[in-house]
Amino acid sequence: MLFKLSSALLLASSLAVATPTPSTPFAEDVYLEDPHVLFSRQAGAVRPNATIDISPAFPTDIGYSGTIKYGAAPFLAQNNRLNSTKPNLGAATKADEYTPANSKGSDFNMARYWGNTSPWFPSPLFSEAQKNRQLDPTCKITNVHILHRHGARYPTSYSTEGAPYFGVLATNASTAAATGGAAFTNTGPLAFLSNYTYQLGAEILTPVGAQQVFDSGIKAYYSYGSLYNSTAGGNGTAPRKPVIRTTSQERMLDSARYWTAGFFGLDAPSLIDLLVILEGDGFNNTLASYDTCNNSNVGALAVGDTYLTPQWEATYLKGTVERLQQYTSLNLTTEMVYGMQSLCAYETNALGYSPFCELFTEDEWRGFEYFLDLQFQGDYGSMSPSGRAQGIGYVQEFLARLTNGTIPADQITTQNSTLLTPEYFPTDQPMYVDFTHDDIILSVLVALNYTHVVGEYLSATTMDDNRTFVLSHITPFAARLIFEVAECGSTEGGNSTQIIRTILNDALIPMNEAQGCTPRSDGSCLLSEFVQFQQATAYKAANFDFACFGNYTLTGPTVTNGTIA
Ligand SMILES: *[C@@H]1O[C@H](CO)[C@@H](O)[C@H](O)[C@H]1NC(C)=O
Ligand SMILES: *[C@@H]1O[C@H](CO)[C@@H](O)[C@H](O)[C@H]1NC(C)=O
Ligand SMILES: *[C@@H]1O[C@H](CO)[C@@H](O)[C@H](O)[C@H]1NC(C)=O
Ligand SMILES: *[C@@H]1O[C@H](CO)[C@@H](O)[C@H](O)[C@H]1NC(C)=O
Ligand SMILES: *[C@@H]1O[C@H](CO)[C@@H](O)[C@H](O)[C@H]1NC(C)=O
Ligand SMILES: *[C@@H]1O[C@H](CO)[C@@H](O)[C@H](O)[C@H]1NC(C)=O
Ligand SMILES: *[C@@H]1O[C@H](CO)[C@@H](O)[C@H](O)[C@H]1NC(C)=O
Ligand SMILES: *[C@@H]1O[C@H](CO)[C@@H](O)[C@H](O)[C@H]1NC(C)=O
Ligand SMILES: *[C@@H]1O[C@H](CO)[C@@H](O)[C@H](O)[C@H]1NC(C)=O
Ligand SMILES: *[C@@H]1O[C@H](CO)[C@@H](O)[C@H](O)[C@H]1NC(C)=O
Ligand SMILES: *[C@@H]1O[C@H](CO)[C@@H](O)[C@H](O)[C@H]1NC(C)=O
Ligand SMILES: *[C@@H]1O[C@H](CO)[C@@H](O)[C@H](O)[C@H]1NC(C)=O
């Protein structure tokens, strides 16, 4: 049976099965014998009828999806209360359209102060270095390493986290009032609270999160599509499909699926081998290293949560509690007000709009960002005793890939050694893509000693407006840390050099001595220098066994170099 498809629908051909077949075809129409074949966007890609086995090499339904809690469906056409004239450039949500409280008409974009809950945007880090963003024309990129965060998600399932904490509290208060309990009166900018219902799910991707990773896959295809083709090209023999890795958590698997749909097309599952690595208590997984590194889960060793954020919250929200208290019968605390700020970010990402956003001033948003900066720097960064240890697993894998080498059995950290075989862990691919979490991207930068990006000591009481460590510039939703390896100069004369460049959320990060590099004017590093230095220092400096399993205590925010002796 022939199925008729317009050429514009080739990629989506499987969706067209139910379309009735007209009896008279048009001349420009294309006929497919098999409606289930999804055509690749790319010549040379491994096709479904190529000589290799097209079935996925690794199973993707391996359980350990984590908590899955769906939220309410958005209804922005109904619920949007934003009377904004700011252009939204076709965006699905209102993230870029809010105006802060007491604004004097500046173009302050609060969504860029939401730390790790900011929707992805290009990082403004090292703006003066961006003139070197273009690759020297004598260089040819030979391989690329992408470490990618999942897209926007719902809050986690911890009910003590700011957004669910206040969301549930306000919902309970309004429900109690409506059923004859204690009165719950709200006026002015908080009037909406009287009828408020918390509608968010937990843990899984939001729709705009899916969009972020899909867009990123497409963007990566424009940047690196040709590298994939060199995998798929070859000598007429069956090429190896690229192994792409993610974890078993639902938002991680979904992010890998949306990203690869963007990069490869809808036939991605037949073009790659997606390795889903178990994430959950007791599993080793470099992309979720907290499952292995026990001390990273000990509250008293979480410097951010224990020593930094409580103090900062009490400082930056003191005046805000006083300002908002006049509008509600709830006795507000700084925890509640922090929860309202967090709800702004999560509700916008999940529902498109949040009534909490415009309650806060520019300075309150700067304070919110800094709260998250402190939390991450203290729990996973340079102020954490296990900051390097939490990132070292991926770093060891990265070095193995750069050298086509192996990880010595006596240096296993957070890897699952079962998955270090050539089948699961090839080291000769032109393109590597690994999906992970915000904290891992930070810890990897710490383990590689990018001190000029993530090395600052942050004070729990005073915010430095000029600091470099701004979490939304490092790991917003759908963050991506990319390393490009290139061969420059003439290969014939034996004069070629291999270089490596670091690109974080589109910003070229100039490399320096702290990563082992003799600084070069274009921000790149000689690959040999980088590799030698990192091989000699990174594993040792992480002090993995002691940092993760040792018996030690802290008396305050005393760690400055991401490890503990
Ligand atoms: C991909 O590689 C094949 C085989 O080398 C080549 O014929 C084809 O033109 C390439 N496609 C692209 C888009 O570069
Ligand atoms: C499938 O294989 C046949 C015969 O080798 C070839 O003519 C055809 O172009 C291939 N189709 C696709 C979709 O690759
Ligand atoms: C929206 O703003 C415009 C002015 O920009 C005003 O005329 C209009 O009344 C506002 N609408 C609502 C519902 O507040
Ligand atoms: C909001 O709640 C108040 C007090 O419970 C009630 O009087 C009012 O009708 C509600 N408004 C809406 C739009 O539901
Ligand atoms: C093709 O095969 C030849 C001989 O085995 C080898 O020298 C060459 O490098 C191969 N080319 C590619 C692109 O794999
Ligand atoms: C290692 O991976 C294998 C295969 O997924 C799994 O069966 C095993 O439980 C994992 N072990 C650890 C410690 O993660
Ligand atoms: C709020 O605080 C006031 C004064 O401290 C107290 O009288 C009142 O009971 C408190 N209300 C609630 C709901 O906790
Ligand atoms: C990588 O190492 C493997 C195993 O040692 C070897 O077979 C392969 O040829 C190497 N590949 C490259 C590109 O050096
Ligand atoms: C998991 O990690 C621990 C800690 O590094 C290590 O002792 C163990 O051998 C690893 N397990 C596997 C299967 O690699
Ligand atoms: C921040 O940088 C600006 C411009 O370099 C400078 O004028 C200002 O004093 C700096 N502020 C602080 C707190 O260091
Ligand atoms: C390689 O470098 C040497 C020494 O710098 C130089 O003399 C020679 O011309 C170079 N060869 C090529 C092909 O660039
Ligand atoms: C990291 O960089 C700092 C300089 O910023 C240097 O003093 C330190 O020795 C480096 N540590 C490692 C482990 O590379």
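All ligand and atom numbering here is 1-based and tracks the order in the structure.
For a threshold of 3.5 Å applied to N or O pairs, the pair formed by Asp428 and ligand 8 contains no separation below that value. At under 3.5 Å, a nitrogen or oxygen of Asn416, whether backbone or side chain, sits near a nitrogen or oxygen of ligand 6.
Less than 4.0 angstrom separates some heavy atom of Asn284 from each of these atoms of ligand 6: 12 (C), 13 (C), 14 (O).
For Pro155, the side-chain contact (heavy atoms from CB on, under 4.5 Å) test picks out Glu161, Ala163, Pro164, Tyr198, Leu200, Tyr346, with sequence neighbours left out.
Contact check for Leu442 versus Phe469: side-chain heavy atoms found under the 4.5 Å cut-off. The closest side-chain heavy-atom distance from Tyr154 to Thr206 is below 4.5 Å.
At least one heavy atom of Gly282 lies less than 4.0 angstrom from ligand 6.
A salt bridge links Asp506 to Lys219: at least one charged side-chain nitrogen sits closer than 4.0 Å to a carboxylate oxygen.
For ligand 12, residues of the protein lying within 4.0 angstrom by heavy-atom distance are Arg388, Asn449, Thr451, Ala514, Phe533, Ala541.
At least one cation-pi condition fails for Arg480 and Trp259: the charged atom is not both under 6.0 angstrom from the six-membered ring centre and inside a 45 degree cone around its axis.
Between Tyr552 and Phe546, the two ring planes are tilted [angle within 30° to 60°]. Using a 30° and 60° split on the angle between ring planes, Tyr450 and Phe483 fall in the tilted class, from 30° to 60°.
Side-chain rings of Trp114 and Phe368 stay apart, their centers remaining 6.0 Å or farther from each other.
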